[in-house]
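Worksheet for the structure shown next.
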Amino acid sequence: MTKKIILVFVEGVSDDTIFNFLLENICNQQKYKTEIIGGDPFSDNENIRKGGKTIVNEAVKGYLSKNKLRAKDIEYVAFITDADGINIPRSDIIIEEVHAMESNYIYDLDNGIVKSKNSRCTTNILTSWKRKNEKLCPLMCDGVTTRVNSYNIPIGLYFNSVNLEHVTQGKILPWDKKDDAADDLIDQYENNIEGLFQIFKDKTISDNLKESWEALKESEWRVPYSNVNILFEKIRQINEG
């Protein structure tokens, strides 16, 4: 029997490491194959003028074409995205000209602010977050599908706020620390995988997909939340089907 594919798009290498580890432990490997694809299509400059549904459709078609697969080979497609600053108000961004800042802005969780290098960086940050939010909005509910060759493939959009490390470790890490942190987390929970699943369960803001996105936008941004546990439950239901 040919295995159907559960396709999961994640943003970075650390996400790939963590979610590969978790999904391999809940997916019925006899019936399904989990495939994880890295990248953030919603923030990609190539997609700057495209809507969220178009981006999703092109991402799925690209995967199918590259792997010479048919639409009906896909059981489900999930996108796990970083919420970034889509729920951060303008009043929480301050300009602080710190020459040691390696990026244009940094999250200061302790003080509940985002430090930006200058006013131009602030404008760019807000524009980027607004644009990402607009692309994500049409996907923030159950029942979304993308049509490929007359076949409707079910889609789900999930988040970590502000990013993966915010949820799993309660802090924001620089890019060069993320991969090692992910490896350390796997080592820590290698013999206690339920403990890692529990982290996401504890950070669940709502068990309903649409309501979880609505709750995120009303939440205090520096408090870590996620709705990825909904994806885990979805895959468990697929296994039982």
Subject >> Partners passing salt bridge (Lys or Arg N to Asp or Glu O under 4.0 Å) against Glu220 (at least two apart in sequence or in another chain) >> reply: Arg222

Subject >> Nearest-0.5 Å distance, CG of residue Leu185 to CD1 of residue Ile199 >> reply: 5.5 Å

Original post:
Salt-bridged, Lys61 to Glu58, with N to O below 4.0 Å?
Top reply: no

Original post:
Looking at Phe9 versus Phe42, is the centre-to-centre ring distance below 6.0 Å?
Top reply: no

Subject >> Spatial distance of atom CH2 (Trp221) from atom CG (Leu109) [nearest 0.5 Å] >> reply: 5.5 Å

Subject >> Beyond-backbone contact of Cys137 with Trp213, side-chain heavy atoms, under 4.5 angstrom >> reply: no

Subject >> Nearest atoms (heavy-atom pairs only) where Cys27 meets Tyr32 >> reply: SG-CB, 3.5 Å

Original post:
In Å and rounded to the nearest 0.5 Å, what is the OG1 to CD1 distance from Thr34 to Ile235?
Top reply: 7.5 Å

Subject >> More than 12 heavy atoms of other groups within 6.0 Å of Lys177 NZ >> reply: no

**OP:** Could you name each residue pair satisfying salt bridge (charged side-chain N to carboxylate O under 4.0 Å, His left out) that touches residues 127-156, not counting sequence neighbours?
**Re:** Glu11-Lys132, Asp40-Lys132, Asp84-Lys132

Original post:
Quick one: which of Ile5, Leu69, Leu7 gives a side-chain contact (heavy atoms from CB on, under 4.5 Å) with Leu64?
Top reply: Leu69

**OP:** Give, for atom CE of Met140 and atom CG of Leu216, the distance between the pair rounded to the nearest 0.5 Å.
**Re:** 7.5 Å

Subject >> Reported CG-to-OG1 distance for the pair Leu22 and Thr17, which is rounded to 0.5 angstrom >> reply: 11.0 Å

Original post:
Hey, quick one: are Ile155 and Val228 part of the same hydrophobic cluster, counting side-chain heavy atoms closer than 4.5 Å, chains of contacts allowed?
Top reply: yes

**OP:** Indicate the atoms forming the closest heavy-atom contact of Leu231 with Ile80, along with that distance.
**Re:** CD2-CD1, 3.8 Å

Original post:
How many angstroms lie between atom CG of Leu209 and atom CZ of Phe159, to the nearest 0.5 angstrom?
Top reply: 8.5 Å

**OP:** For Asn149, look at atom CG and say whether over 12 heavy atoms of other residues, nucleotides or ligands are found less than 6.0 Å away.
**Re:** no

Subject >> Minimum-distance pair of heavy atoms, taken over all atoms of Leu173 and Ala181 >> reply: CD1-CB, 3.4 Å

Subject >> Heavy atoms from other residues, nucleotides or ligands near NZ of Lys50 exceed 12 (cutoff 6.0 Å) >> reply: yes

Original post:
Do Thr168 and Tyr189 have side chains that get closer than 4.5 Å, going by heavy atoms?
Top reply: no

Original post:
Quick check: are there more than 12 heavy atoms from other residues, nucleotides or ligands sitting under 6.0 Å from NZ of Lys72?
Top reply: no

